[in-house]
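See structure below.
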Amino acid sequence: MTALDAVAAQPAGGPPPEATGDSGAGPWLAAWRRLRRNPAGLVGAVLVAAFVLVALLAPLLAPHRPASAEWFGQVTPTSVPGPSAGHPLGLDAFGSDLLTQLLYGARSSLVIGVVSTAVGLAAGAVLGLLAGGIGGWVDTVVMRLVDVLLSIPSLLLAVSVAALIERGSLSIMLAVAAAQVPVFARLLRASLLAQRGQEYVVALRSLGLRQRRIVVGHMLPNSLGPVLVQATLVLATAVIEVAALSFLGLGDPDPAVAEWGRMLVTAQDRLEQAPRLALYPGLCIAVTALGFTLLGEALREALDPRSER
């Protein structure tokens with residue numbers, strides 16, 4: 001079940017507090033308690049925390065400079081030096097320390113993934129707010145635009161956007177963000193529509209508050225929970241799409257910029273000699289995506305009291 005399904009299935013009044021086993025606690029505190037009891041969520045949180053720490057501390061953890069290529073003379077057409085005392089994971093095909101490249105690749109994936117998700121969230125939130133908050137013909141126009149974007153596979157849309165912009169990290173950020181805009185727009189719209197029938201909204205209208213103040217000041221804050229959960233899940237997709245775009249040659253043209261997707265490309269010609277060149281960046285991508293997915297699913301279950309087991 002996605003975050004959008006949870007919003008659509010949520011009843012107007014929500015379950016009574018006693019049904020969740022967290023009577024007397026606020027909704028966020030109750031969600032935190034449920035999250036702590038979720039083993040998969042804890043594993044996801046540990047993986048995400050490790051990824052973030054590695055990315056932030058890459059300059060301190062890396063044993064050498066990125067893309068230094070100072071050991072290129074040790075690389076031959078038939079062999080790539082493996083692990084040694086000075087290079088725990090060996091060298092890559094360009095004579096750079098493989099561990100250093102992986103650490104700086106985590107930093108690149110984190111920056112691009114977070115920025116692209118933030119941009120996609122902001123743009124999608126604007127569209128969803130217009131559609132769910134105003135309604136009428138505005139809702140119709142916005143949702144038809146969203147439907148058009150959803151009809152295009154996300155990776156194909158990202159590739160199309162990246163191809164129209166000059167190669168680089170900025171193009172990847174905008175490409176991945178464009179693919180996520182319709183997801184956030186539909187989710188926030190559904191969450192806002194679910195809030196319309198709430199008793200507090202009816203009470204605010206009866207008090208004479210303007211629709212804009214009700215939507216922005218009250219309905220929007222109460223609708224952001226599922227959107228933030230989806231943002232965590234989208235980060236997993238963003239990491240994969242960033243690697244895919246780099247693999248297709250749409251990433252930063254500067255060889256000094258370490259990217260996991262580019263490392264997979266350069267490893268293709270050396271698979272028989274040094275399969276680790278593809279194994280390590282592939283594992284980094286898979287484990288990072290798994291961490292965000294587990295954490296996102298755990299957050300979704302924690303914010304939905306009916307999912308408590």
Side-chain angles (χ1 to χ4, degrees), residues 43-44 46-113 154-155 158-159 162 167 169 172 175-176 235-294:
V43 172
V46 170
L47 293 177
V48 170
F51 168 67
V52 173
L53 287 176
V54 166
L56 295 178
L57 301 178
L60 300 177
L61 299 176
H64 303 282
R65 292 184 296 108
S68 59
E70 54 185 296
W71 301 278
F72 184 71
Q74 302 181 26
V75 179
T76 67
T78 58
S79 67
V80 179
S84 63
H87 309 285
L89 299 182
L91 302 178
D92 63 10
F94 298 105
S96 300
D97 182 69
L98 183 57
L99 176 59
T100 300
Q101 295 298 97
L102 289 173
L103 294 175
Y104 275 87
R107 165 169 284 200
S108 176
S109 296
L110 176 64
V111 172
I112 297 176
S154 60
L155 185 57
V159 170
R167 287 178 56 193
S169 299
I172 292 185
V176 175
L235 277 170
T237 306
V239 170
I240 297 175
E241 290 184 347
V242 167
L245 293 175
S246 298
F247 184 85
L248 295 174
L250 298 174
D252 198 312
D254 185 1
V257 178
E259 293 178 347
W260 289 339
R262 179 185 296 158
M263 295 175 70
L264 291 175
V265 175
T266 58
Q268 291 184 91
D269 298 332
R270 300 281 186 163
L271 285 179
E272 294 185 1
Q273 306 161 6
R276 69 179 186 281
L277 299 181
L279 176 63
Y280 291 140
L283 282 176
C284 289
I285 295 171
V287 171
T288 301
L290 175 63
F292 281 114
T293 301
L294 291 177

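Distance check, rounded to the nearest 0.5 Å: OH of Y104 to CG of L61 gives 9.5 Å. Residue E259 holds its CD atom at 9.5 Å from CG of L245, rounded to the nearest 0.5 Å. Residue M263 holds its CE atom at 9.5 Å from CD1 of I285, rounded to the nearest 0.5 Å. In this structure, CZ on R107 lies 8.5 Å from CG on L57, to the nearest 0.5 angstrom. Taking CG from L60 and CG from L53, the interatomic distance works out to 11.5 Å, rounded to the nearest 0.5 Å. Interatomic distance, L103 CG to L98 CG, rounded to the nearest 0.5 Å: 9.5 Å.
A distance-only check finds no donor-acceptor pair linking the side chain of W260 to the backbone of G282 [under 3.5 Å].
Ring orientation note: the planes of W71 and H64 are nearly perpendicular, at an angle over 60° on the 30°/60° scale.
The shortest distance between side-chain heavy atoms of L235 and V48 does not fall below 4.5 Å. Proximity of L47 to F292: side-chain heavy atoms (C-beta onward) are nowhere separated by under 4.5 Å. With a 4.5 Å cut-off on side-chain heavy atoms, Q268 and F247 count as touching. Here the side chains of P63 and D97 are in contact, with some heavy-atom distance below 4.5 Å. Put simply, the side chain of D92 does not reach to within 4.5 Å of the side chain of R270, judged on heavy atoms.
In terms of heavy atoms, T293 sits closest to A236 at OG1-CB, 3.4 Å. Contact detail for L294 and G44: the closest heavy-atom pair is CB-CA, 3.8 Å. The minimum heavy-atom distance between S108 and A258, with the atom names listed, is CB-O, 3.4 Å.
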